[in-house]
Amino acid sequence: MGHVDGQMETFEQLTRDGRTERRVEDIYDLLTRDHRSMRRLFDQIEAIPEEAPLVRQQVYFVLRKAILDHAEAEEEVVYERLALAEDEELRDMIVEAREEHALIEFVIEEIDDIDPDDDVWSAKIKVLRDLVERHIDDEEALQLPAMRRELAEDENEELAAIFVACKDELAEYDD
Ligand SMILES: [Fe+2]
């Protein structure tokens with residue numbers, strides 16, 4: 001979002017000695033920003049009354065695309081690289097993360113077949129939220145720190161550039 005094709009965003013960052021410096025976004029910034037926007041979208045859906053199912057569904061469609069595009073880019077760019085990690089524990093995390101993505105996609109397919117004014121629709125959204133939040137919490141707590149140890153600084157920025165390009169491409173298509 002807000003990206004020109006493949007172009008990286010920079011932002012001011014406070015350094016340890018209190019100076020500010022401009023820094024190119026790395027892959028950790030991009031992943032955690034996507035996670036934040038998914039959490040926000042779940043909050044938005046829950047804030048809309050159940051009496052307005054079509055409005056809830058409209059926000060859900062935005063979330064649905066955000067989840068699927070994020071997961072696909074993450075698999076193609078990040079997981080592909082981490083599958084080659086030195087750290088065996090990290091490689092195992094990636095196997096598990098791919099399985100979690102598959103489960104998340106399965107629940108999304110189920111939601112696709114349900115009417116938004118059906119009670120089951122809201123129940124499945126809650127199940128989806130639990131799955132997605134647990135997955136991204138684990139990713140932030142375990143996988144990203146292991147990834148920082150694994151990858152060199154320039155690789156972090158390189159992966160970020162490929163991740164942005166991949167998401168820009170996916171943004172053009174309906175899932
Ligand atoms: Fe993920």
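Order of listing sets the numbers, starting from 1, for every ligand and every atom in it. What's counted below: heavy atoms across the whole structure, side chains too, no hydrogens, waters or symmetry copies.
Remark: the His101 side chain and the Glu72 side chain contain no N/O donor-acceptor pair separated by less than 3.5 Å.
The neighbour count for Asp119 CG, taken as heavy atoms of other residues, nucleotides or ligands under 6.0 Å away, does not exceed 12.
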Under 3.5 Å, side-chain donor or acceptor atoms of residues 142-152 against the rest of the protein: list the pairs with distances, not counting sequence neighbours.
residue	atom	partner	partner atom	Å
Glu150	OE1	Glu86	N	3.4
Glu150	OE1	Asp87	N	3.4
Glu150	OE2	Glu86	N	2.6

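Look at Glu139 and the Fe ion (ligand 1): an N/O/S atom of the residue is under 2.8 Å from the metal. Distance check for Glu74 against the Fe ion (ligand 1): an N/O/S atom falls below 2.8 Å. For a distance bound of 2.8 Å, the N, O or S atoms of His70 include none lying that close to the Fe ion (ligand 1).
Centred on the Fe ion (ligand 1), the OH atom of Tyr79 and the NE2 atom of His135 lie at an angle of 90°, reported to 10°.
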Criterion salt bridge (charged side-chain N to carboxylate O under 4.0 Å, His left out) on Glu46 and Arg129, from CA distance to verdict: CA-CA 10 Å; Glu46 282 184 13; Arg129 179 175 198 155; 3.3 Å; yes
